[in-house]
2 protein chains.
Amino acid sequence: MSTIPAHKRIRDDLVAQIESGVLGGRERLPGEVDIAAQYGVTRMTVRQALSGLVNDGLLVRRRGVGTFIATNAAQRRNMNRLVGFTEDMRAAGRTVETRILAQLIVPATSDIADALELTVGVHVTHVGRLRIVDGTPVIIQHSWVPCELCPDLWSEPLIDDSLYATLRDRYGIVLRRADQRIAADAATGERASLFGVPARSPLLRVERVALDDRNLPVEVARSWTRPGYEIATHIER
Amino acid sequence: MSTIPAHKRIRDDLVAQIESGVLGGRERLPGEVDIAAQYGVTRMTVRQALSGLVNDGLLVRRRGVGTFIATNAAQRRNMNRLVGFTEDMRAAGRTVETRILAQLIVPATSDIADALELTVGVHVTHVGRLRIVDGTPVIIQHSWVPCELCPDLWSEPLIDDSLYATLRDRYGIVLRRADQRIAADAATGERASLFGVPARSPLLRVERVALDDRNLPVEVARSWTRPGYEIATHIER
DNA sequence: GAGTGGTCTAGACCACACG
DNA sequence: GTGTGGTCTAGACCACTCT
């Protein structure tokens with residue numbers, strides 16, 4: 001039985017209240033001393049909890065005034081958080097269908113091996129998916145994960161169509177950090193036809209390396225997003 | 001006379017050492033207690049400094065092991081930091097030329113007014129620039145700033161071609177946060193010819209609202225980046 | 001066992017915004 | 001002046017990694 005740190009509990013409570021709409025708009029939170037009293041902790045612990053949310057763009061602090069829910073905080077859920085596509089869309093109330101494009105073991109190419117800190121040719125599981133939101137194909141996702149970490153990933157269906165849920169629930173792997181590179185690509189014929197858009201349409205390409213809590217690289221992902229869809233980010237300080 | 005907080009000094013020292021190459025690779029930092037002793041502060045203060053850098057993706061912490069410089073930390077300088085294009089490129093040793101496309105006062109359109117929390121038609125200064133790095137046109141940047149904040153911006157040359165340097169040094173405005181939306185666009189004829197690429201080439205479009213330290217919106221920016229260039233981001237937790 | 005980072009306490013003083 | 005967040009101290013105990 002592991003104990004959940006107090007600051008994490010406070011943070012999760014606030015996120016839940018923001019996502020459920022209990023807190024919204026530009027509402028003011030109680031002062032840090034009040035929250036501290038409410039949870040029976042020190043102000044420093046409260047600040048630790050709030051800082052994470054400020055960093056994610058969910059809260060805004062103003063010295064001498066107070067701490068406020070950021071405008072559109074509920075819609076910014078995904079901004080700087082490492083959340084799988086499924087969880088994110090479902091939380092937003094969307095219907096997500098998934099078409100599996102690939103699910104098999106392949107030898108790591110040099111770029112994949114490089115990102116995962118493996119040697120070329122080591123076995124990795126390749127999962128390719130087309131995600132369809134409310135009937136519209138929105139994103140093509142290809143992921144590569146070392147077979148060593150998830151031996152049966154290639155042969156068993158994903159839990160809830162979600163790779164991240166599968167890694168977490170079946171293999172105990174929790175992702176903590178990711179580095180991403182974002183660029184614009186012209187749609188190849190194949191990708192254009194998956195999306196049902198003209199060839200050479202502009203697509204967002206995201207390449208991601210995700211690491212677990214021991215900073216071991218777990219997943220390399222490469223995705224293309226349908227024209228018209230956006231990525232939101234938040235920069236603090 | 002303003003005093004610089006200790007954690008900021010520690011952070012800036014480390015950033016300088018990383019950027020100058022004194023610290024690099026996956027080098028280990030001294031332990032938190034050692035750094036604390038070195039600066040004559042508490043461990044909590046050191047942790048405050050380090051946390052910011054971990055969040056920016058420059059450092060990696062491993063419990064029971066130590067704190068390390070992230071791989072490619074020097075190249076990730078810009079990842080999650082609110083830095084102007086000029087500063088960023090110059091720090092990377094690139095030559096930046098700037099062609100001014102527009103510098104004038106215009107009435108705020110509804111989308112600009114919305115983002116800046118003004119009423120439609122209020123005067124804003126529009127600055128449009130084409131940035132040329134090592135001879136290649138790389139980014140088209142359009143910014144809108146309320147005239148109230150910077151009355152002479154339209155008529156005076158920018159300091160060092162940098163809008164952010166001008167806002168800081170001439171008007172005392174320091175940017176603290178930004179929300180960005182990233183998408184892929186097909187190049188219009190005009191933008192294609194500025195870049196010297198075929199029409200309908202895929203471009204990265206970034207729309208940004210930047211806020212100052214009092215959380216007042218200062219700048220709306222809309223930029224397009226030449227095909228082949230990327231944006232890097234880091235997600236923590 | 002020794003050393004590291006993760007969490008937390010119980011205070012303190014300061015800078016700032018607002019009435 | 002009052003209340004807010006910003007910074008900081010001087011400890012403490014814990015979980016984890018490595019040897």
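Each chain gets a letter, A, B and so on, in the order its sequence line appears, and its residues count up from 1.
- What separates CD1 of B:Ile10 from P of D:dG6 is a distance of 18 Å, to the nearest Å.
- Listed nucleotides D:dT7, C:dT7, D:dC8 differ in distance to A:Arg47; the shortest reach to its side chain belongs to D:dT7.
- Side-chain contact between A:Val96 and A:Thr98: present, with at least one pair of heavy atoms (C-beta onward) separated by less than 4.5 Å.
- Relative to the side chain of B:Arg28, the nucleotides D:dG6, C:dT9, C:dT4 differ in distance, and C:dT4 lies closest.
- Of the possible polar contacts, one joining the A:Asp212 side chain to the A:Asn215 backbone as a donor-acceptor pair under 3.5 Å is found.
- Side chain B:Arg63 to base C:dG3: no donor-acceptor pair is found below 3.5 Å.
- Listed nucleotides: C:dA17, D:dT9, C:dC8. Nearest to the side chain of B:Val41: D:dT9.
- A heavy-atom distance below 4.5 Å is found between the side chains of A:Arg129 and A:Leu163.
- Ranked by how close their nearest DNA chain D nucleotide is to the 5' end, A:Gly64 and A:Met44 are led by A:Gly64.
- In this structure, B:Asp34 atom CG and C:dA2 atom C1' are separated by 13 Å, rounded to whole Å.
- For D:dG6, its base never sits under 3.5 Å from the side chain of A:Arg62 at any donor and acceptor pair.
- Using a 30° and 60° split on the angle between ring planes, B:Trp144 and B:His126 fall in the parallel class, below 30°.
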